J.: 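Take this structure, written in structure tokens, and hold onto it; I'll ask about it next.
Residue numbering restarts at 1 for every chain, and letters A, B, ... go by the order of the sequence lines. Here the structure is a predicted model, which is why all the values come from computation and not from measurement.
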There are 2 protein chains.
Amino acid sequence: MEPVGLRARKKLRTRDAIADAAISLFLARGFEQVSVSDIAATAEVSKPTLFRYFATKEDLVLHRFADHNGEAARVVRDRGPDIAPLTALHRHFRAGLDRFEPVTGLNDHPEVVAFHRLVFTTPSLAGRLTQYLLDDEDALAAVLGPGIGARLQAAQVIAVHRVLARTNWQRIADGRTAHDVQPEAIVEADQAFAQLRHGTGDS
Amino acid sequence: MEPVGLRARKKLRTRDAIADAAISLFLARGFEQVSVSDIAATAEVSKPTLFRYFATKEDLVLHRFADHNGEAARVVRDRGPDIAPLTALHRHFRAGLDRFEPVTGLNDHPEVVAFHRLVFTTPSLAGRLTQYLLDDEDALAAVLGPGIGARLQAAQVIAVHRVLARTNWQRIADGRTAHDVQPEAIVEADQAFAQLRHGTGDS
DNA sequence: GTTACCGGGTTGCTTTTTTAACCCAGTAAC
DNA sequence: GTTACTGGGTTAAAAAAGCAACCCGGTAAC
């Protein structure tokens, strides 16, 4: 078991308090309209403490994505024997859809939808999110192997994730429910991964 | 204004958390049946931290009395001009009765009654409470002036406080309400302070 | 009658947090 | 075109808290 003393517990709580304060202020007033000092004050910590937990203002929002950092690489690394990387990635994304995980975009909790809108409509956030995706891509490429082939495949996988998730989110932002969208999301995911496996079929 | 930064606020909260945890555990299981480690764990602080806030286990209970430490001396020191010390003390106690302050014993909140019973029925607590009263007495004597006269008067004042408060508490412990007891408490207080002023009248 | 445990309280060291001051970039005032 | 403010981010020193290990008195086990 990992040692979960007072110190560790309180650190987690502090981190949560900061993140919660940040998200709720951002959702209420918009990213640019909230200063990090406001967040620190709301979370009842000092500004240096805030920055000890989160490197930048953007990370206050994106740590939820950061939690998934390297996930694709991990999925490939931890796949069972006799399972192709693409198969493992496909199954993992599919499982995410089944569970309506926010990363898949297939989640209609108002809070989640508002959160996604916040990210996508705030340039600095969208920009930093891209950086995260590139890191993800690097990690995935590294575990897929050396050479340009692995890099290309990694790039394509991450792109597929991104497009599928944004598509799902867009439909939900348009007012549909996650449950309603789920079937086509699954079909599209299957199609996307099939395309990765076999090419587009264009000559 | 007094500067109330993050540090001061959090220290207060920690102190309150410890004290609250202690009191509620003591009331639930009794003084001896609770270890300071239990209290520290409940308050989510370490044992050394607990002892940085409270010198002894007894003080975890008695800090409420300690908050009134030196109050008698303060009342005398801060009295208006042309007001005799005894008059100031009398008025102050009388005001406490009017407001049903727990120190006067004239308070029937179940929590307060249970708290008093805890103190009076636990020898080590009662003992330490006596120490507090002696400190109070010293402070009062000092402000009343030098000499044996001041010391005697101080001792008598503190004794009066103690007897009046215990009498009030006893009646409430017997099931009467504070409101019901209040009139006689006031009469007795007046009598007690009159006796201090003029002697018992015995020859 | 040792041995071992328990509970109140302490000690030294490390980690975390606060504080106040600062840097730098943008920008509004005049 | 300075001047001054605001906001993101940093630094160094000091306070507070955590941790582990300990002391000491009592008391239960064997």
J.: Among side-chain atoms of B/Tyr132 and B/Asp59, is any donor-acceptor pair under 3.5 angstrom?
T.: yes

J.: Could you point out which residue of A/Asp136, A/Asp138, A/Val163 forms a side-chain contact (heavy atoms from CB on, under 4.5 Å) with A/Ile158?
T.: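 For A/Ile158, the side-chain contact (heavy atoms from CB on, under 4.5 Å) test succeeds with only one of A/Asp136, A/Asp138, A/Val163, which is A/Asp136.
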
J.: What orientation do A/Phe31 and A/Phe26 show, parallel under 30°, tilted 30 to 60°, or perpendicular over 60°?
T.: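 Geometry flag for A/Phe26 against A/Phe31: tilted rings.
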
J.: In terms of the nearest nucleotide of DNA chain D, which residue is placed more toward the 5' end: B/Arg7 or A/Leu6?
T.: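 Final value for this comparison: B/Arg7.
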
J.: Please list, in numerical order, the residues of residues 10-44 of chain B that have a heavy atom closer than 4.0 Å to any atom of DNA chain D.
T.: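 The stretch gives B/Lys11, B/Thr14, B/Glu44 as the residues lying under 4.0 Å from the strand, ordered by number.
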
J.: Are B/Arg197 and B/Phe193 in a cation-pi contact, defined as NZ or CZ under 6.0 Å from the six-membered ring centre and within 45° of the axis?
T.: no

J.: Only one of B/Val76, B/Val160, B/Leu196 forms a side-chain contact (heavy atoms from CB on, under 4.5 Å) with B/Leu89, so which one is it?
T.: B/Val76

J.: Looking only at side-chain N and O atoms, does B/Gln170 offer a donor or acceptor that is under 3.5 Å from a partner on B/Asp174?
T.: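 Yes, because at least one side-chain N or O of B/Asp174 sits under 3.5 Å from a partner of the opposite role on B/Gln170.
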
J.: How would nucleotides 23-29 of chain D be written as a contact map, 5' to 3', with B for base contact, S for sugar-phosphate-only contact and - for no contact, using protein heavy atoms under 4.0 Å?
T.: -------

J.: Report yes if the side chains of B/Asp38 and B/Arg29 come closer than 4.5 Å at any heavy-atom pair, otherwise no.
T.: yes

J.: Against A/Leu60, only a single residue in A/Leu25, A/Ile23, A/Leu50 fulfils side-chain contact (heavy atoms from CB on, under 4.5 Å); can you say which?
T.: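 Of A/Leu25, A/Ile23, A/Leu50, side-chain contact (heavy atoms from CB on, under 4.5 Å) with A/Leu60 is met by A/Leu50 alone.
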
J.: In terms of side-chain geometry, is the basic nitrogen of B/Asp108 or B/Arg176 positioned less than 4.0 Å from the acidic oxygen of its partner?
T.: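 Judged by the 4.0 Å cut-off on N to carboxylate O distance, B/Asp108 and B/Arg176 do not form a salt bridge.
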
J.: Between D/dG18, C/dG8, C/dT19, which nucleotide gets closest to the side-chain atoms of B/Val45?
T.: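 For B/Val45, the side-chain atoms sit closest to D/dG18.
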
J.: Can you sort out which residues in residues 47-55 of chain B have a heavy atom within less than 4.0 Å of DNA chain D? Ascending by number, please.
T.: B/Pro48, B/Thr49, B/Arg52, B/Tyr53

J.: Could you walk me through whether A/Ile83 and A/Arg91 pass side-chain contact (heavy atoms from CB on, under 4.5 Å), step by step?
T.: CA-CA 11 Å; A/Ile83 298 184; A/Arg91 286 183 188 165; 3.6 Å; yes

